[in-house]
Q: 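Input: one structure, supplied below.
The figures here come from the full heavy-atom set of this structure, side chains too, leaving out hydrogens, waters and symmetry mates.
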Amino acid sequence: MRTDYCGNINASHIGQTVTLCGWVNRRRDLGGVIFIDLRDREGIVQVVYDPDLAELFNTASSLRSEFCVQIEGLVRGRPQGQVNKDMGTGEIEILGKGLTILNKAAVLPLDSNQENSEEQRLKYRYLDLRRPLMSDRLKFRAKVTSAVRSYLEGDGFLDIETPILTKATPEGARDYLVPSRTHKGKFFALPQSPQLFKQLLMMSGMDRYYQIVKCFRDEDLRADRQPEFTQIDIETTFLSAEQVMEITEGMIRNLFMKMLDVDLGVFPQMTYADAMRRFGSDKPDLRNPLELVDVADILKDVEFKVFSGPANDAKGRVAVIRVPGGASMTRKQIDEYTKFVGIYGAKGLAWMKVNDIDAGVDGLQSPILKFLGEDVAKQVLTRVAAQSGDILLFGADNATVVTEALGALRLKVGEDLDLLQGQWKPLWVIDFPMFEEFDGQFHALHHPFTAPRDMTADELAADPANALSNAYDMVLNGCELGGGSVRIHDQEMQAKVFNILGISDEEAQVKFGFLLEALKFGAPPHAGLAFGLDRLVMLMTGATSIRDVMAFPKTTTAACPLTDAPGFANDEQLKELSIKTQIAQDKASSSE
């Protein structure tokens with residue numbers, strides 16, 4: 001039906017007759033000449049209809065936005081002074097010689113100025129995706145997946161599918177359950193990740209596996225989460241953590257160079273402990289120059305209990321963020337930041353303005369200055385390398401509260417004051433704790449199949465609180481692009497980890513019996529990593545939500561306005577599955 005895409009017509013086509021198909025992006029009637037901006041996947045081209053051909057001209061006059069049409073015409077150069085350098089097809093136009101309306105469009109439910117709610121955009125997603133911005137993002141995503149496949153397959157990786165209907169896996173979120181008709185009362189789970197299956201593939205001798213795979217998690221949503229999302233899943237045998245990191249870093253560097261012509265350079269590495277201490281986050285945004293600086297040792301003996309209490313508590317922390325140029329902050333701004341840290345449990349936000357560093361204590365302004373004394377104040381200024389015009393923001397409380405509150409404040413102040421430096425700042429975060437402890441119970445920080453770093457099973461059991469995992473996260477601009485680890489391949493080590501996590505032998509057999517059985521038969525050392533494809537594409541395209549790089553995403557309540565999913569099952573379907581819903585029972589009870 002066509003000879004070319006609209007967006008591909010250029011000066012080399014001048015003098016040729018072409019046939020194009022697409023949608024009317026805009027129709028303009030200028031002094032008896034009708035201009036049609038015709039759009040398809042590859043772009044927009046201008047088509048001109050003269051009144052000389054009356055029937056054709058009348059048909060062109062009837063066109064409206066989003067009519068689907070086929071046009072035939074002669075490609076010609078635009079008149080002098082009418083070249084549009086902002087358009088890929090701006091050097092040419094098409095003199096229309098034929099026009100067929102393939103389908104008319106009703107009055108559009110979406111505003112052409114894009115003043116549409118996300119609910120409306122998702123309800124009429126097929127119209128929203130016609131927008132060049134959205135179309136370009138999906139094309140970009142397709143090229144990303146193609147480049148990933150090319151890179152990994154060039155390095156000996158095999159694309160292997162894993163089951164969608166499977167058994168629940170311990171990924172930390174709720175599973176989506178699928179009832180079985182043939183096994184009454186039993187349920188499949190949709191995979192939160194292919195974790196166990198990719199480990200089994202390594203035990204099967206597949207050596208290098210990858211998959212661009214759907215994963216499912218029934219969890220509360222936000223901008224970077226969806227109930228179904230896509231992972232670039234990677235697993236290898238006989239490679240160390242460093243080798244896996246080298247391969248995957250190479251893949252991302254190659255991707256950025258190929259797609260964006262950006263050289264990310266060699267990724268620095270930072271331990272989890274350093275990241276939390278300096279930035280209050282295990283995924284620090286290194287574009288932000290602000291850091292958390294510990295000052296508890298300086299403040300142990302001050303009369304101000306708000307500081308001295310946490311400073312003398314082994315579980316406390318007192319830290320400062322120095323904000324260059326922040327002395328110009330108003331009291332209203334400081335109060336807003338005080339409210340902000342309260343979200344994270346902080347009881348307040350102490351501050352000190354450095355109006356003139358050379359004037360000593362007389363150059364400082366702070367309601368807490370009288371409690372510190374000149375000597376302590378000078379020590380704090382020296383510790384944080386304060387300069388005239390700075391403001392110091394203090395956090396003092398339980399270490400977790402201070403770290404989370406100041407870590408979040410650091411990001412907010414950096415954005416508010418436009419302090420971010422550079423476009424792309426990648427890094428690896430390594431040496432995560434093996435476990436986190438709350439409510440008197442150890443929990444796996446990553447997942448229970450992560451191997452400890454440089455420890456035997458007995459050493460791990462003797463001191464689990466201080467054990468480090470052989471895990472690694474790739475971070476870019478404050479977002480976790482992917483995370484992975486060396487896996488446990490030894491049955492004794494796996495049993496010790498389950499024991500530390502409070503998983504009994506019986507429970508382990510019920511949940512992971514097939515994996516434990518596989519570990520008995522020469523399971524090789526293996527390691528891997530999984531990237532969030534949606535998040536990666538979101539960052540690369542500059543989108544603010546992963547929903548804007550997915551074709552048909554769900555809302556933040558995990559609903560689909562387009563198809564009106566989820567929906568109710570009818571009584572016959574439920575009967576086949578031997579299921580009764582609480583809603584049906586409540587209705588039956590209310591009618592009695």
Q: Between K554 and E228, does at least one N-O distance fall below 4.0 Å, as a salt bridge requires?
A: yes
Q: Run E235 and R208 through salt bridge (Lys or Arg N to Asp or Glu O under 4.0 Å) and show every step you take.
A: CA-CA 6 Å; E235 198 77 10; R208 293 190 178 199; over 6 Å; no
Q: Is there a donor-acceptor pair under 3.5 Å between the side chain of N288 and the backbone N or O of L290?
A: yes
Q: Which pair of non-hydrogen atoms, one from G22 and one from L38, has the smallest distance, and what is that distance?
A: C-CD1, 3.8 Å
Q: Between Y272 and F432, does the ring centroid distance fall short of 6.0 Å?
A: yes
Q: Decide, yes or no, whether a salt bridge links R141 with D136 under the criterion of side-chain N to carboxylate O below 4.0 Å.
A: no
Q: Run the salt bridge (Lys or Arg N to Asp or Glu O under 4.0 Å) test on D111 and R121 for me, step by step, so that the C-alpha distance in whole Å, both residues' side-chain angles and the decisive distance to 0.1 Å come before the verdict.
A: CA-CA 10 Å; D111 188 302; R121 289 177 55 210; over 6 Å; no
Q: Any heavy-atom pair between the side chains of D40 and L20 that's under 4.5 Å?
A: no
Q: Are F512 and F449 an aromatic pair by the rule of ring centers under 6.0 Å?
A: yes
Q: Using the benzene-type ring in the case of Trp, are the ring centres of W23 and F67 under 6.0 Å apart?
A: no
Q: Below 4.0 angstrom, N of the basic side chain to O of the carboxylate: do K283 and D473 qualify?
A: no
Q: Shortest non-hydrogen contact from A444 to L501?
A: N-CD2, 3.3 Å
Q: Taking L158's backbone N and O only, do any of them form a donor-acceptor pair with E153's side chain (distance below 3.5 Å, no angle check)?
A: no
Q: Determine whether more than 12 heavy atoms belonging to other residues, nucleotides or ligands lie under 6.0 Å from atom NZ of K186.
A: no
Q: Tell me, do P194 and C215 make a side-chain contact under 4.5 Å, heavy atoms counted?
A: yes
Q: Just checking H443 against F438, ring centres under 6.0 Å apart?
A: yes
Q: Regarding E291 and R410, does a basic nitrogen lie under 4.0 Å from an acidic carboxylate oxygen?
A: no
Q: Shortest non-hydrogen contact from F256 to M540?
A: CZ-CG, 3.6 Å
Q: Could you state the interatomic distance from OG (S150) to NZ (K258), rounded to the nearest 0.5 Å?
A: 5.0 Å
Q: Is the backbone N or O of H447 less than 3.5 Å from a side-chain atom of T450, with the two atoms forming a donor-acceptor pair by type?
A: yes
Q: Are more than 12 heavy atoms, taken from residues, nucleotides or ligands other than E246, located less than 6.0 Å from that residue's CD atom?
A: no
Q: Taking 4.0 angstrom as the limit, do E517 and K520 come out as a salt bridge?
A: yes
Q: Do T541 and R137 touch side chain to side chain, with heavy atoms closer than 4.5 Å?
A: yes
Q: Over all heavy atoms of both residues, which pair between Q195 and Q199 is shortest? Give the atoms and the distance, please.
A: NE2-OE1, 2.9 Å
